[in-house]
Amino acid sequence: MSTIIITLKDNTTKEIPSHSTAMTLAESISRRLAKEAIAAKVNGKVVDLMSELPPRATVEILTAEDGADALEVLRHTAAHVMAEAVMELFPGTKFGIGPAIKDGFYYDFAVKEPFKPEDLPLIESKMRELAAKKTPLVRHVASRAEALAFFAERDEEFKVELINDLPEDVQISYYESGSFVDLCAGPHLVDTAPIKHFKLLSLAGAYWRGDEKRPMLQRIYGTIFFKQADLDAHMHRLEEAKKRDHRKLGKELDLFSVQDEGPGFPFYHPKGMTVRNILEDFWRKEHRKAGYQEIKTPLILNRSLWERSGHWQHYRENMYFTKIDEFDYAVKPMNCPGAMLVYRNAMHSYKELPIRLCELGLVHRHELSGALHGMARVRAFTQDDSHIFMMPEQIEAEVGRVIALVDKFYTVFGLKYRVELSTRPEKAMGDIAVWRVAEAALENVLKHREINYKLNPGDGAFYGPKIDFHIEDSIGRSWQCATIQLDFQMPEKFDLTYIGEDGQRHRPVVVHRVLYGAIERFMAMLIEHYAGAFPLWLAPVQVVVMPITDRARGFAEDVREQLEAADIRVELDGRSEKIGFKIREAQMQKVPYMLVLGDKEVESGEVSLRTREGGDQGSMPIADMLAKLNAQVKAFK
RNA sequence: GCCGAUGUAGCUCAGUGGUAGAGCAGCUGAUUCGUAAUCAGCAGGUCGUGGGUUCAAGUCCCACUAUCGGCUCCA
């Protein structure tokens with residue numbers, strides 16, 4: 001009998017009969033492992049337990065303890081079971097795709113009538129019924145023609161399209177579980193028994209393949225875990241995340257509002273404005289240090305400018321227009337054309353370069369109504385923009401400087417980010433060869449700095465490729481914040497020049513970049529990041545002074561004045577309420593420090609300090625308290 | 001923009017065709033209290049907007065509007 005040699009996770013080897021499956025291997029190791037096995041990882045690739053092992057392979061048997069890989073298999077199978085349930089409950093349904101995703105799974109269906117929320121519990125109980133049968137999932141391999149015929153006969157037009165789009169060399173497979181057969185690469189569970197601890201979460205319309213020109217399917221999202229406790233923990237996390245939602249906190253902490261009179265046009269309230277001003281102050285200080293010069297360009301500019309910049313041709317559907325004295329004008333959706341005009345307004349020498357013009361520029365963009373989202377996606381926002389004019393040979397160094405600045409900013413706020421490189425979109429301006437050069441330049445910087453990034457083909461700006469920095473919100477949605485965009489087009493369009501060493505005119509290169517991105521979105525991310533409990537230096541109200549009785553009122557006024565003189569943002573709560581009530585309110589408003597002043601403090605001249613996180617800290621001299629606060633502010637804490 | 005859901009007092013929410021409610025917030029008064037809610041009283045609403053059905057609409061129907069979830073994490 002011929003055998004194969006398998007290397008296990010612990011680097012030991014095992015000899016087993018040829019054509020053995022991963023399941024056989026698991027059984028040969030231990031009965032318990034075979035029982036708990038979910039899938040196998042063969043040479044780094046997750047496969048079915050029933051799949052045949054190759055002659056030589058490194059194999060790891062995955063169990064419920066093996067995290068993301070095992071969960072993905074569970075979730076993918078759960079999606080199939082859900083599809084089977086839908087097939088039984090809603091005959092005539094056609095099937096789109098049903099993958100496992102980060103926190104669960106979904107399946108897209110074409111149904112005659114969209115699902116109603118009441119349908120979810122029905123589907124859920126049908127799933128439980130089906131899963132309890134412990135139906136095996138059987139993998140079949142088919143030729144392209146067979147697969148096409150099979151799904152065409154069932155009128156599964158989406159599956160047919162998927163098969164047609166599969167690469168030539170790929171093995172086409174489908175999985176059978178009970179009466180349901182789905183085109184699927186797998187891997188899957190051996191049977192449906194582990195489909196126990198799940199919940200269907202939401203319904204949504206979703207375009208077939210995300211394309212608005214294609215039919216809209218009905219998507220059901222769900223999640224599943226191996227253990228009930230994990231599911232409970234996940235549901236609890238979702239609840240907790242809701243409490244961090246910047247829209248909820250923005251209301252509760254009275255930071256901003258969005259009103260019917262201006263969808264997507266946020267109103268800053270005094271406290272939100274305080275936070276924003278601090279962000280801007282910090283930004284200005286850092287930019288002066290980094291060699292930037294601040295400018296401000298007009299909100300509304302003539303059509304001819306936008307035609308020259310290409311926005312009139314490439315960005316029109318996102319722009320707002322107006323007429324002045326019968327001439328066409330546009331409200332700026334970007335700050336770049338204005339900055340180009342500032343540069344062009346004078347002659348420049350190579351000795352001046354790079355010229356770093358920065359601008360807190362208010363731009364307006366017509367975002368889809370369905371895409372608006374609190375402060376995170378709005379139609380009017382302030383970009384902390386900059387346009388850096390330089391010689392081509394300065395690109396790498398300058399982009400490196402910008403990346404360092406992004407990192408400095410995000411480190412101050414303790415934000416984690418993910419980097420993406422976006423390349424030429426379909427609707428692009430300019431020569432492809434020039435694009436290639438620009439794309440390569442950005443890629444080089446990332447590689448030299450050893451930054452991990454994801455390639456995002458076709459997602460660049462219409463004038464150039466970009467490096468984006470993404471931040472996740474409280475429920476894991478990713479938002480682009482900082483971005484660095486390389487631009488060879490605008491200098492051309494605006495005929496920008498500098499005089500080189502040789503006395504001749506040369507064409508500069510422009511880098512567009514934002515650090516916060518949009519101040520609105522960045523604030524949204526900060527609110528969620530801190531769950532509304534801003535660190536002292538950002539807190540709209542840093543200290544509330546609370547006299548316990550009217551006898552301490554005078555002292556409280558005095559303390560308030562001293563704090564104000566020391567540039568601390570302070571409020572005095574002189575209402576005739578009990579101290580517990582005042583503390584509760586300040587606590588709910590997430591004020592970092594409270595000063596409780598009663599007879600003892602009046603007597604000693606000290607203040608009793610209470611912190612948002614740590615409670616009562618006892619009493620201390622005012623000077624000590626101020627020193628403590630100032631040190632904390634300086635350290636951005 | 002598209003699919004679905006939702007819109008009642010400043011906020012959170014009850015109200016299933018028959019006289020618009022609660023808690024909190026607000027205002028007034030009392031209370032002067034030691035680390036997360038003192039008590040009492042008062043006031044507050046074209047039920048998102050417009051139209052329709054009905055003897056009668058917050059409630060049913062239509063349109064609009066705003067908000068919420070989602071619209072490739074690719075078999």
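Letters go in sequence order (proteins before strands), and every chain restarts at 1.
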Which value, in whole Å, describes the distance between the P atoms of nucleotides B/C68 and B/C61?
->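 Nearest-Å result for B/C68 against B/C61 at atom P: 25 Å.
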For [X], report the nucleic acid contact type (base, sugar-phosphate, nothing); a contact means any heavy atom under 4.0 Å.
{"X": "A/Gly615", "result": "nothing"}
{"X": "A/Pro99", "result": "nothing"}
{"X": "A/Ile172", "result": "base"}
{"X": "A/Gln218", "result": "sugar-phosphate"}
{"X": "A/Glu601", "result": "base"}
{"X": "A/Gln587", "result": "base"}

d(A/Glu113 CD, A/Gln218 CD) to nearest 0.5 Å is 10.0 Å
Interatomic distance, CG@A/Leu183 vs CZ@A/Phe158, rounded to 0.5 Å, equals 13.5 Å
Given [options], the nucleotide with the shortest approach to the side chain of [X]:
{"X": "A/Lys600", "options": "B/A75, B/G34, B/C3", "result": "B/G34"}
{"X": "A/Ser173", "options": "B/A75, B/A30, B/G1", "result": "B/A75"}
{"X": "A/Ile579", "options": "B/U32, B/U35, B/G1", "result": "B/U35"}
{"X": "A/Pro117", "options": "B/A75, B/C3, B/A5", "result": "B/A5"}
{"X": "A/Arg575", "options": "B/G34, B/G26, B/G69", "result": "B/G26"}
{"X": "A/Ser202", "options": "B/G69, B/C71, B/U32", "result": "B/G69"}
{"X": "A/Leu162", "options": "B/U32, B/A75, B/G34", "result": "B/A75"}
{"X": "A/Ile101", "options": "B/C73, B/A75, B/A36", "result": "B/C73"}
{"X": "A/Pro263", "options": "B/U67, B/G34, B/A37", "result": "B/U67"}
{"X": "A/His373", "options": "B/G69, B/U35, B/C73", "result": "B/G69"}

What is the distance from [atom1] of [X] to [atom2] of [N], rounded to the nearest Å?
{"X": "A/Leu238", "N": "B/C68", "atom1": "CG", "atom2": "P", "result": "18 Å"}
{"X": "A/Trp479", "N": "B/C73", "atom1": "CH2", "atom2": "C1'", "result": "16 Å"}
{"X": "A/Ile97", "N": "B/C71", "atom1": "CD1", "atom2": "C1'", "result": "12 Å"}

Look at the side-chain N and O atoms of [X] and state whether any lies under 4.0 Å from the OP1 or OP2 oxygen of [N].
{"X": "A/Lys251", "N": "B/U12", "value": "yes"}
{"X": "A/Tyr221", "N": "B/C71", "value": "yes"}
{"X": "A/Arg477", "N": "B/G70", "value": "yes"}
{"X": "A/Arg247", "N": "B/G69", "value": "yes"}
{"X": "A/Arg219", "N": "B/C3", "value": "no"}
{"X": "A/Ser369", "N": "B/G1", "value": "yes"}

Any donor-acceptor N/O pair under 3.5 Å between B/U35 base and A/Arg610 side chain: yes
**Report entry** Row check, A/Phe381 ring normal vs A/Arg379 NZ/CZ: under 6.0 Å, within 45°
**Finding:**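 No - A/Arg379 does not lie over the ring of A/Phe381 by the 6.0 Å and 45° rule.
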Short side-chain donor-acceptor distance under 3.5 Å, A/Thr274 and A/Arg569: no
>> Quick one: does any side-chain atom of A/Arg75 pair with a main-chain N or O of A/Phe225 as donor and acceptor, under 3.5 Å?
In response: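 Checked: no pair found.
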